[in-house]
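As structure tokens, the structure follows; a few thoughts come after it.
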Amino acid sequence: PLPKVRELKARHPNAEAYFQFARNMVGGMSKNYPAPLRCLEAVAGAVNLKFDEGMRAEREGFAALMLTPESKALRHLFFAERVASKIADVPEDTPLRSIAKV
């Protein structure tokens, strides 16, 4: 039988230096979005914590991110894009026009 993932140990010769490098890169590229750094912290937790503690930390991070203004805005955008493509009084066979300049 295959070993359970929770029983596997992550091995990296210098994991903390790698995570610090990743924090610097991700932090610089995602200044106004908290989720990318939280994702990185979840991966670091998977490496540095016991399985159950890492899962708890990931769940807490996800729950905190769900309440951010960025999360609410992205969910609004997601549903707005879908509603905008389905205008009620426009038939499905309406020809599309290309937009070259706005």
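The two residues Arg38 and Gly61 make their nearest non-hydrogen contact at NH1-CA, 3.0 Å. Across Leu65 and Ser71, no two heavy atoms sit closer than the pair O-CB, 3.2 Å. Pro3 and Leu8 get closest at one heavy-atom pair: CG-CD2, 3.9 Å. Taking every heavy atom of both residues into account, Val90 and Thr94 meet most closely at CG1-OG1, 3.4 Å. Scanning all heavy atoms of the two residues, the minimum distance from Ala57 to Leu49 falls at CB-CD1, 4.3 Å. Between Ser30 and Val26 the shortest heavy-atom distance is OG-O, 2.7 Å.
Atom CD of Glu7 and atom CG of Leu2 lie 11.5 Å apart (nearest 0.5 Å). In this structure, Gln20 CD and Met25 CE are separated by 12.5 Å, a value rounded to the nearest 0.5 Å. Going from atom NZ of Lys72 over to atom CE of Met66 covers 10.0 Å, rounded to the nearest 0.5 Å. With rounding to the nearest 0.5 angstrom, the CD atom of Glu70 is 8.0 Å from the CG atom of Leu74. With rounding to the nearest 0.5 Å, the separation of CE in Met29 from CG in Asn24 is 12.5 Å.
Within a 6.0 Å radius of CZ in Arg82, other residues, nucleotides and ligands contribute more than 12 heavy atoms. When the shell of 6.0 Å around CZ of Phe19 is examined, it contains more than 12 heavy atoms from other residues, nucleotides or ligands. Within 6.0 Å of the CZ atom in Phe21, the count of heavy atoms belonging to other residues, nucleotides or ligands does not exceed 12. The local environment of NE2 in His76 is sparse, with at most 12 non-hydrogen atoms from other residues, nucleotides or ligands closer than 6.0 Å.
Annotation: cation-pi pair Arg75/Phe79 absent, no NZ/CZ under 6.0 Å from the ring centroid and within 45° of its normal.
Judged by distance alone, with hydrogens and angles left aside, the side-chain atoms of Arg23 form no donor-acceptor pair with the main-chain N or O of Leu40 at under 3.5 Å.
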